[in-house]
Amino acid sequence: MTTQDQGRTPRPPRVDRRQALLDAAIALFVERGYDDVGVGDVAARAGVAHGLVSYYFGGKRGIAAEALRQVLAEVSAHQAPRPDETTVRERLEGFVGRHLEFLATFREGYLALLHGAAAAQPEVRQLLREARLEGAATVAGIVGLPQPLTPLHRVAMSSWVAVLDTCAEEVAADDTLDVATLTTWAVDVLLTSLDALPEPPA
């Protein structure tokens, strides 16, 4: 190794640079908010060349969308029903409880990605829409709703997803809220609303 090489700052291995940029972007969005973070800030925090942000993500909008995609994938994996949850209520409470617990733990990142200019991006809105549809499909499967959903079931599920979104926003914003209490209430809302639906005509 030459003297010149010894004086250089080590760069992350090539395979890790993309993830290093994502980690840096999330950390900076949490610290400063989306609006106050530039591409150069992300590259500097990750210790990589400025141009790699554009190379991997196409710019700030792209890295914000990919950061949210990564967070949503972690949420989905975390909230999935578990083998020891055998009843419908256990599976629903497990799904909702883990969903809210994850967002409570990741509250700063969640709020940073869903507020300000980031929330107005079409890519972010589409990712959130897909995540909601995936979650609604999982819950519909847990409670045994027919597929495809009837119009009334579709309305009931869409309304309940809005309830869950509100719970998530509140948990992320207020660390005094009790997740267990909200979980029980959200599950009660779902089951009560489904029970109240009229029987389909014969």
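Worth saying up front: this structure is predicted, and the values here are computed from it rather than measured.
Residues Val42 and Ala24 come closest through the heavy atom pair O-CB, 3.7 Å. Nearest heavy atom pair, residue Leu21 against residue Val53, reads CD2-CG2, 3.7 Å. In terms of heavy atoms, Leu72 sits closest to Leu127 at CD1-O, 3.8 Å. Ala140 approaches Leu149 most closely through the heavy-atom pair CB-CD2, 4.3 Å. In terms of heavy atoms, Lys60 sits closest to Asp35 at NZ-O, 3.8 Å. Between Thr183 and Gly97, the shortest heavy-atom contact is OG1-CA, 3.3 Å.
Side-chain contact, Gln121 with Tyr34: a donor N or O sits under 3.5 Å from an acceptor N or O.
The shortest distance between side-chain heavy atoms of Ile26 and Gln70 falls below 4.5 Å. Annotation: side chain of Val187 is not in contact with side chain of Phe95 (no heavy-atom distance under 4.5 Å).
Distance alone, capped at 3.5 Å, places no donor-acceptor pair between the Glu74 side chain and the Val71 backbone. A donor-acceptor pair under 3.5 Å links the side-chain atoms of Thr138 to the main chain of Glu134, judged by distance alone. Side-chain N or O atoms of Ser193 include one that pairs as donor or acceptor with a backbone N or O of Leu190 at under 3.5 Å. Side chain of Asp41 to backbone of Gly38: a donor-acceptor contact under 3.5 angstrom is found. Panel note: side chain Trp160, backbone Ala186; a donor-acceptor pair is recorded below 3.5 Å.
The hydrophobic cluster containing Val161 does not contain Leu103, counting ILVMFWY residues as joined when their side-chain heavy atoms lie under 4.5 angstrom apart, directly or transitively. Put simply, Leu164 and Leu133 are part of two different groups of oily side chains (I, L, V, M, F, W, Y) that touch within less than 4.5 Å, one to the next. Using a 4.5 Å cut-off between side-chain heavy atoms of Ile, Leu, Val, Met, Phe, Trp and Tyr, with links allowed through other members, Val171 and Val30 fall into different hydrophobic clusters. Cluster annotation: Val155 is not connected to Val163 through the hydrophobic network of ILVMFWY side chains, with a link wherever side-chain heavy atoms come within less than 4.5 Å. Both Leu52 and Val39 sit in one connected hydrophobic cluster of ILVMFWY residues. Membership requires side-chain heavy atoms under 4.5 Å apart, directly or through other members.
Atom-to-atom distance recorded for Arg154:CZ and Ser159:OG is 11.5 Å, nearest 0.5 angstrom. Atom OG of Ser76 is separated from atom CZ of Phe102 by 10.5 Å, given to the nearest 0.5 angstrom. The distance from atom CZ of Arg91 to atom CD1 of Ile142, rounded to the nearest 0.5 Å, is 5.0 Å. Between Asp178 atom CG and Leu100 atom CG the span is 10.5 Å, to the nearest 0.5 Å. To the nearest 0.5 angstrom, Thr150 atom OG1 is 7.0 Å from Leu197 atom CG. Taking CG of Leu128 as the reference point, atom CG of Leu68 lies at 5.0 Å (rounded to 0.5 Å).
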Please lay out, stage by stage, how Asp23 and Arg45 fare under the test salt bridge (Lys or Arg N to Asp or Glu O under 4.0 Å).
-> CA-CA 9 Å; Asp23 293 341; Arg45 173 67 66 91; over 6 Å; no
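Residues passing the side-chain contact (heavy atoms from CB on, under 4.5 Å) test with Arg98, sequence neighbours excluded: His78, Gln79, Arg82, Glu85, Glu101. In this structure Leu177 satisfies the side-chain contact (heavy atoms from CB on, under 4.5 Å) test together with Glu170, Asp174, Leu182, sequence neighbours excluded.
Among pairs with a residue in residues 118-131, those fulfilling salt bridge (charged side-chain N to carboxylate O under 4.0 Å, His left out) read Arg61-Glu123, at least two apart in sequence or across chains.
Salt bridge status for Arg89 with Asp188: present, with a side-chain N to carboxylate O gap under 4.0 Å.
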